[in-house]
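Read the numbers this way: they start at 1 and go in the same order the structure lists the ligands and their atoms.
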Amino acid sequence: MNQGRRYPKSPVFYRALDRELPMIVRGEGCWLIDDKGRRYLDACGGAFVANLGHGVAEIADAVAEQLRRVAYVNGTAFTNEPVEALAAELRTLSPKGLDYSYFLSSGSEVVEAALKLARQYWVESGKPGKHKIIARTPGYHGNTLLALSASAREHYKKMYGPWLVPVTMIPAPYPYRCEPNSPAMTAQALEDAILKEGPETVAAFIAEPVGGSSTGGSVPPQDYFKNVRRICDKHGVLFIADEVLTGAGRTGKWAAMEHFGVTPDIMTLGKGLSGGYVPLSALITSSKIIEPLTKGSGGFKHAQTFSHSPSTCAAGLAAVRHIKKHNLVERSAKMGVVLHRDLSTLAELPAVGDVRGLGLLAGIEFVADKKTKAPFPRKLKFAERFTSAAQDAGLVVWPNVGHAGGDDGDLIMIAPPFIITDSEIAEIVSRFKTALEKTLEACHVHR
Ligand SMILES: Cc1ncc(COP(=O)(O)O)c(C=O)c1O
């Protein structure tokens, strides 16, 4: 196991109570360095966050300068320069018509806000009966109670079941495990669900454009979101594209929805929006959605102390300008091709069932049987063991479980900073192989 600090010596209530965590003291580009001088290749940007790489001084400088000027003003009493400038940048980058940004801190918060905005839109448009949410399984939208209700993460939901609200689930498109023309793949499942619930009761459909911590890098068929848009328009349902993970260039376009030529009613951004330099998220929407609020109650009924904060928006502004200045979205597309070319060689290895993704987002799914696609028994904890073996080999990857039915399914995700080089990609592949050898050995999997 890793060297590190051990609970309960430290006063920190750690996120992981079952293992020792190394102490990271510095980040440089795609690398993290611990207090023993060990270097880790950060192949998933932490949690799909460090898109620009670690240690970018100009972002730190921009935040420091803003903190010296004014760190905080409340968004109900004042506006501020960074929030205005960042919203202007996002207006030019977002799909046409998505002109207005509302800023929060985390992905879960902004998903909650997007769902609440959809509800408020319908209430203020004179259709208070529209309250139901449709989401997908597998799917992940966050861990606060409404976002968790809209997520299909049984191992997170079980404990808090009595507090969650009912959300209608439809199957997500998952090319590795779905029949090509099944209702999940064509979006017919969405129309079936809307008709079953009654269109007059459905407020919104929320989906990840490309699977993140759910179907792990699965890319839907090209016409999937065109069908979603048509079905939502036909039945008066708002479409929320949750780009918390895929947005800000991760898939090789600013918004992953651009790959599908579809504009949602509300789009969310988080994670990479500030490149991880501060917690920052945004929902972006159109005048159509805001108008009933302007004419009606006069404001969005979702108040949070840290919305529209000058300090966090200064970090977002510096990150977005850095992405533009260094053509990092184009670089994500270009290096994505290299990443997928090199990762595709892993498909031959034992236990590797599928390798997929788009841009600098990749998922590698492990299976017990490559022919039947049967997952490993959950008690083996294959993905977790692989992730630990990878960290021992100096490679940071993101594990995901529970996508292959019930609690089953093991995959890991690769989502490096956009500045990744050819040789660092080769290093990911080499360290992946080392970690896989160790995991197969530890799990007694015969090759
Ligand atoms: C698509 C998507 N939405 C929302 C969230 C929640 O974001 P956060 O963990 O910042 O609350 C995540 C996190 O992984 C995500 O992948």
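The pair R356-E365 counts as a salt bridge, with a side-chain nitrogen and a carboxylate oxygen less than 4.0 angstrom apart. The pair E154-K158 does not meet the salt-bridge criterion, since no charged nitrogen lies less than 4.0 angstrom from a carboxylate oxygen. Salt bridge status for R119 with E124: absent, with no side-chain N to carboxylate O gap under 4.0 Å.
Taking 4.5 Å as the limit, every side-chain heavy atom of Q66 sits out of range of all side-chain heavy atoms of E81.
Checking only distances, K271 does come within under 3.5 Å of ligand 1, N or O to N or O. For the pair G107 and ligand 1, the shortest N or O to N or O distance falls below 3.5 Å. Between E208 and ligand 1, no pair of N/O atoms sits closer than 3.5 Å. Residue D242 places at least one N or O, backbone or side chain, under 3.5 Å from an N or O of ligand 1.
By the criterion of a heavy-atom distance under 4.0 Å, both the backbone and the side chain of Y140 are placed next to ligand 1.
The option from G139, G212, S108, G211 that lies nearest to atom 9 (O) of ligand 1, judged by heavy atoms, is S108. Atom 4 (C) of ligand 1 has its nearest heavy-atom neighbour, among H141, E243, E109, in H141.
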Exercise for review: Applying side chain to side chain contact (heavy atoms under 4.5 Å, CB included), run through F386 and F366 and close with a yes or a no.
Suggested key: CA-CA 10 Å; F386 178 93; F366 300 114; 3.8 Å; yes

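Atom numbering of ligand 1 starts at 1 in the shown order; those under 4.0 Å from a heavy atom of L245 are 16 (O).
Proximity of the aromatic rings of F418 and H326 is defined here by a centroid distance below 6.0 angstrom, and this criterion is not met.
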